[in-house]
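Accompanying notes for the structure given below.
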Protein chains: 2
Amino acid sequence: MSLKHAALGLLSRGPASGYDLLQTFHGSLASVWPATQSQLYGELGKLAEAKLVEVVSEGARGRKEYALTPAGLAELRHWLTEVEPTTVRRSDMLLRVFFLNVVEPEDAQEFLRRRSEQSVTYHNELLSIQERISGEAGPLTEYGRLTLEWGLRYTTMQREWADWALDQLAAKPQTETETETQAETETQVATRA
Amino acid sequence: MSLKHAALGLLSRGPASGYDLLQTFHGSLASVWPATQSQLYGELGKLAEAKLVEVVSEGARGRKEYALTPAGLAELRHWLTEVEPTTVRRSDMLLRVFFLNVVEPEDAQEFLRRRSEQSVTYHNELLSIQERISGEAGPLTEYGRLTLEWGLRYTTMQREWADWALDQLAAKPQTETETETQAETETQVATRA
DNA sequence: ACAGGCATGTAAGTTGTTACATGATTAT
DNA sequence: ATAATCATGTAACAACTTACATGCCTGT
């Protein structure tokens with residue numbers, strides 16, 4: 001249900017068209033709540049029908065400018081303060097870690113090394129974004145800075161974790177690849193169930 | 001596409017029924033890649049049709065035991081080593097932070113305080129899980145421990161971030177709520193675009 | 001007898017992705 | 001002219017959620 005609230009949130013900053021909002025979804029919201037064009041136009045239609053937003057003007061090329069209605073603002077505030085954020089987060093990265101015993105130890109190490117490198121890369125990208133917006137003031141970017149800091153801390157954490165995990169693997173190097181012998185694997189599962 | 005690989009991964013530990021796998025999805029995989037019963041049975045059907053798994057025995061109450069085929073193991077290894085994990089992660093928590101200027105500063109603070117508390121709670125849950133499995137040996141849980149450590153570091157990071165963010169808000173306490181005056185908000189957006 | 005756990009399946013609805021399709025306006 | 005950008009819409013499909021539906025087996 002959050003694309004809805006992302007759209008309401010962006011419109012709380014002032015009227016905008018679907019096309020305008022899309023730039024933001026591909027820009028500053030890209031790593032928080034990305035959306036496709038197809039999805040957004042559909043959602044704006046539903047929001048208009050529900051009277052949470054309304055078309056305030058129609059411009060060239062069929063451009064429709066939407067604005068938040070009082071009901072929309074109320075819904076946004078309700079969501080912000082009274083609806084608990086989701087806690088569970090799917091991660092296909094961690095899912096892979098779960099099954100890393102299926103591949104050769106060298107491949108597992110390679111996997112973790114790439115996670116470490118990738119975290120550094122992404123961290124640096126965030127740093128350059130931070131540098132770019134450091135000059136811009138304004139209370140609207142105020143809270144945006146908090147999400148950026150979250151990203152910086154997240155990528156740092158992940159790099160440290162990946163490096164730590166590599167150490168762990170190095171500490172016990174003689175664990176041979178599992179599932180080489182299916183029979184043995186089965187009994188191990190039995191004891192865990 | 002990852003429910004597929006989660007199922008293949010679990011079956012790499014030995015044959016199991018849909019019901020068996022479901023316990024794991026609700027248990028140790030619950031915070032990494034949860035799945036519902038409905039979804040899982042459907043997926044197992046598809047995997048069987050694609051010859052990545054096969055029914056190896058049928059037991060009481062219509063129980064069907066599935067096992068990984070060689071093709072299934074190959075697909076699992078391919079996914080583990082050659083397919084890049086997804087980097088973007090939707091977070092309705094961070095999405096809320098983005099729009100926190102819409103509510104009163106006290107509500108924003110309350111929001112962050114709850115994130116801090118929740119991180120502590122979840123961290124402690126992970127600690128008790130860690131304590132519970134600390135006795136159990138076996139290379140199968142080896143990599144599972146890495147995901148647990150990730151969770152511990154993640155919850156620590158989030159608590160520290162939330163506390164830091166609260167400090168930031170305290171540092172500049174006189175920022176009044178935005179969107180009180182729509183007109184003003186609009187001009188601010190214009191300068192950002 | 002009956003409660004609780006075992007075991008599977010289907011249907012309806014929402015959300016999200018990719019691709020197709022169309023056309024207007026602006027700047028070079 | 002024509003390329004880039006502006007601007008919206010639709011169709012098909014995949015992934016996920018909630019609810020409905022059924023029935024068997026085991027222990028008390």
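Protein chains get the first letters and strands the later ones, always in sequence-line order, with residue 1 at the start of each. Only heavy atoms go into these numbers, but all of them, side chains included; no hydrogens, no water, no symmetry mates. Because the structure is predicted, anything quoted here is derived from the model rather than measured.
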Classify the ring geometry of Trp79(B) against His5(B): parallel below 30°, tilted from 30° to 60°, perpendicular beyond 60°.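 Aromatic pair Trp79(B)/His5(B) classed parallel.
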Quick one: do Glu84(B) and Arg115(A) make a salt bridge, cutoff under 4.0 Å?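 Salt bridge flag = yes for Arg115(A) with Glu84(B).
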Base of dT17(C), side chain of Gln39(A) - is there a donor-acceptor contact under 3.5 Å?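 Answer no: no donor N or O sits under 3.5 Å from an acceptor.
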Would you call [X] and [Y] a side-chain contact if the rule is heavy atoms closer than 4.5 Å?
X	Y	value
Arg90(A)	Ser2(B)	no
Tyr66(A)	Leu11(A)	yes
Tyr122(B)	Gln118(B)	no
Asp107(A)	Arg77(B)	no

Just the rounded figure in Å: distance from [atom2] of [N] to [atom1] of [X].
X	N	atom1	atom2	answer
Met1(B)	dT18(C)	CE	P	13 Å
Phe25(A)	dT17(C)	CZ	P	12 Å
Arg61(A)	dT25(C)	CZ	C1'	4 Å
His26(A)	dT18(C)	NE2	C1'	13 Å
Glu43(A)	dT15(C)	CD	C1'	9 Å
Leu3(B)	dT15(C)	CG	P	20 Å
Tyr41(A)	dT18(C)	OH	C1'	17 Å
Leu21(B)	dA7(C)	CG	C1'	13 Å

Take Asn124(A) and Thr121(A), measure what side-chain hydrogen bond (donor to acceptor under 3.5 Å, both in side chains) needs, and give me the verdict at the end. CA-CA 5 Å; Asn124(A) 288 335; Thr121(A) 303; over 6 Å; no
I need the minimum non-hydrogen distance between Tyr19(B) and Tyr41(B), along with the two atoms involved.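 Closest pair (atom of Tyr19(B), atom of Tyr41(B), distance): N-OH, 3.5 Å.
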Heavy atoms under 4.0 Å, any strand shown: does Ser38(B) hit a base, just sugar-phosphate, or nothing?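 Since a base atom lies under 4.0 Å of Ser38(B), the category is base.
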Side-chain N,O (Arg63(B)) to OP1/OP2 (dC6(C)) below 4.0 Å: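 No, no such contact exists.
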Under a 4.0 Å heavy-atom cut-off, which of residues 83-94 of chain A touch DNA chain C?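 Within residues 83-94 of chain A, no residue comes under 4.0 Å of DNA chain C.
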Please determine if Arg114(A) forms a cation-pi arrangement with Phe111(A), meaning its NZ or CZ atom is less than 6.0 Å from the six-membered ring centre and no more than 45° off the ring axis.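 Pair Arg114(A)/Phe111(A) does not count as cation-pi.
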First contact, last contact: which nucleotides of DNA chain D are these for chain B, 5' to 3', heavy-atom distance under 4.0 Å?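 Nucleotide range in contact with chain B: dA15(D) to dC25(D).
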